[in-house]
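The block underneath contains the structure these notes are about, expressed in structure tokens.
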Amino acid sequence: MLTIAMPKGRIMNEALSLFQQAGWPVPLQMELDSRKLVVSIPEAGFTLFLAKPMDIPTYVEYGVADLGVAGKDVLMEQARDVYELLDLGISPCRMAVAGKPDWQPDLHPRVATKYPRIAESYFKEQGEQVEIINLHGSVELAPVIGLAERIVDIVSTGQTLRENGLVELGCIAEVTSRLIANKGSYRLKGEAIQELLNQLEQVI
Ligand code: PRP
């Protein structure tokens with residue numbers, strides 16, 4: 001039995017569609033839309049754990065899930081001790097710096113973000129000293145109401161930036177979702193994991 005941690009929401013739908021194309025039976029939409037957090041498909045030999053995207057690497061690192069689907073953004077931010085097996089190519093977006101178009105460098109520039117480690121290492125590399133302000137969502141609000149001059153966040157369609165009068169100032173990294181594995185599971189359940197990997201590789 002393989003246990004797979006899935007990020008609830010849009011990424012999970014895209015990931016499950018890939019699994020389905022790879023020949024794996026996936027749960028009924030009704031079950032995925034319910035409040036159930038553990039969904040089993042015993043006849044196919046796997047169980048899904050439906051978790052928050054930011055928590056997927058934690059479940060996998062601790063080995064309660066053998067595999068997981070996690071965004072490269074989350075993996076970069078957390079640097080968890082897991083194997084990154086495959087780029088699923090789904091949910092493409094970029095990690096970007098953004099701000100108001102008339103943004104001016106400040107003596108004590110502040111950057112708001114859900115990704116403090118990524119932001120810190122990016123600005124360090126740029127040789128720029130900034131104060132990182134850690135938020136948990138709706139980060140685009142920060143420059144609009146004056147909490148920070150710039151943000152580091154995910155940009156997908158760019159709609160959130162546009163609708164809040166912000167522009168992209170720089171790209172830090174391209175982001176897609178990855179299949180990750182617990183290191184012990186990869187050894188103990190190598191055959192089953194490899195089979196899934198091969199099937200997914202064929203449809204990507
Ligand atoms: C993400 C991200 C941006 C938005 C970008 O937020 O943090 O805010 O999507 O998408 P867009 O370029 O297509 O507009 P999410 O929806 O995860 O919500 P959050 O801001 O509360 O984290």
Side-chain angles (χ1 to χ4, degrees), residues 2-24 26-27 29 32 46 48-61 65-98 111 113-123 125 135-140 151-162 166-183 185-186 192-204:
L2 280 179
T3 51
I4 309 175
M6 284 283 182
K8 278 201 309 187
R10 194 170 45 90
I11 301 177
M12 180 168 80
N13 293 337
E14 286 184 52
L16 286 179
S17 155
L18 269 187
F19 276 60
Q20 197 166 28
Q21 290 171 60
W24 284 59
V26 297
Q29 195 59 41
L32 298 172
F46 73 93
L48 301 179
F49 301 147
L50 312 192
K52 287 282 179 194
M54 284 277 193
D55 295 334
I56 301 293
T58 309
Y59 290 109
V60 174
E61 184 183 57
D66 301 311
L67 298 169
V69 172
K72 186 67 183 172
D73 53 331
V74 175
L75 296 171
M76 282 165 64
E77 176 65 20
Q78 301 184 0
R80 293 270 175 189
D81 191 19
V82 295
Y83 288 137
E84 192 180 309
L85 298 181
L86 184 63
D87 183 350
L88 297 172
I90 54 174
S91 308
C93 53
R94 45 197 186 278
M95 180 67 60
V97 183
V111 174
T113 187
K114 282 187 292 196
Y115 303 93
R117 285 170 73 171
I118 294 175
E120 201 172 312
S121 82
Y122 173 76
F123 285 105
E125 258 171 43
L135 297 177
H136 292 94
S138 302
V139 176
E140 291 83 356
I151 60 172
V152 165
D153 200 13
I154 289 297
V155 178
S156 173
T157 60
Q159 187 182 353
T160 313
L161 290 184
R162 272 195 304 280
L166 304 174
V167 292
E168 210 174 316
L169 301 167
C171 177
I172 299 178
E174 299 291 335
V175 171
T176 47
S177 293
R178 314 294 163 110
L179 183 72
I180 59 171
N182 171 268
K183 291 188 168 177
S185 302
Y186 190 72
I193 292 174
Q194 197 55 51
E195 191 187 340
L196 171 64
L197 255 183
N198 294 343
Q199 289 161 334
L200 284 172
E201 267 170 348
Q202 277 176 25
V203 295
I204 290 171

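Every heavy atom of this structure was used, including side-chain atoms; hydrogens, water molecules and symmetry mates were not.
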Does any part of the side chain of [Y], heavy atoms only, come nearer than 4.5 Å to the side chain of [X], both counted from C-beta?
X      : Y      : value
Thr176 : Leu88  : no
Leu18  : Ile90  : yes
Ile172 : Tyr115 : no
Leu67  : Ser185 : no
Ile154 : Met95  : yes
Val175 : Arg94  : no

Taking [Y]'s backbone N and O only, do any of them form a donor-acceptor pair with [X]'s side chain (distance below 3.5 Å, no angle check)?
X      : Y      : result
Asn182 : Glu61  : yes
Glu140 : Arg162 : no
Thr3   : Asp66  : yes
Glu77  : Arg117 : yes

Check whether more than 12 heavy atoms from other residues, nucleotides or ligands sit under 6.0 Å from atom [atom1] of [X], and answer yes or no.
X      : atom1 : value
Tyr59  : OH    : no
Lys52  : NZ    : no
Gln199 : CD    : yes

Considering non-hydrogen atoms only, spot the tightest contact between [X] and [Y] and give its length.
X      : Y      : answer
Asp87  : Ser177 : OD1-O, 3.5 Å
Pro57  : Ile180 : CA-CD1, 3.9 Å
Gly89  : Pro92  : O-CD, 4.1 Å
Leu48  : Met6   : CD2-CG, 4.0 Å
Ala119 : Val152 : CB-CG2, 3.9 Å
Leu85  : Ala181 : CD1-CB, 3.6 Å

Give, for atom [atom1] of [X] and atom [atom2] of [Y], the distance between the pair rounded to the nearest 0.5 Å.
X      : Y      : atom1 : atom2 : result
Glu195 : Leu2   : CD    : CG    : 9.0 Å
Gln29  : Leu16  : CD    : CG    : 8.5 Å
Ile193 : Tyr186 : CD1   : OH    : 7.5 Å
Trp24  : Ile4   : CH2   : CD1   : 5.5 Å
Glu120 : Thr113 : CD    : OG1   : 11.0 Å

Would Ile204 and Glu201 count as a side-chain contact (heavy atoms from CB on, under 4.5 Å) if you check the C-alpha gap in whole Å, the side-chain angles of each, and the deciding distance to 0.1 Å?
CA-CA 5 Å; Ile204 290 171; Glu201 267 170 348; 5.6 Å; no
Salt bridge Glu84-Lys72, side-chain N to carboxylate O under 4.0 Å
yes
If the plane angle is over 60° it's perpendicular, under 30° parallel, otherwise tilted; pick one for Phe46 and Phe19.
tilted
What residues form a side-chain contact (heavy atoms from CB on, under 4.5 Å) with Ala98, not counting sequence neighbours?
Ile151, Leu161
Checking side-chain polar atoms at under 3.5 Å, does Asn198 have a donor or acceptor matched by the opposite partner on Gln202?
no
Could you walk me through whether Met12 and Val69 pass side-chain contact (heavy atoms from CB on, under 4.5 Å), step by step?
CA-CA 8 Å; Met12 180 168 80; Val69 172; over 6 Å; no
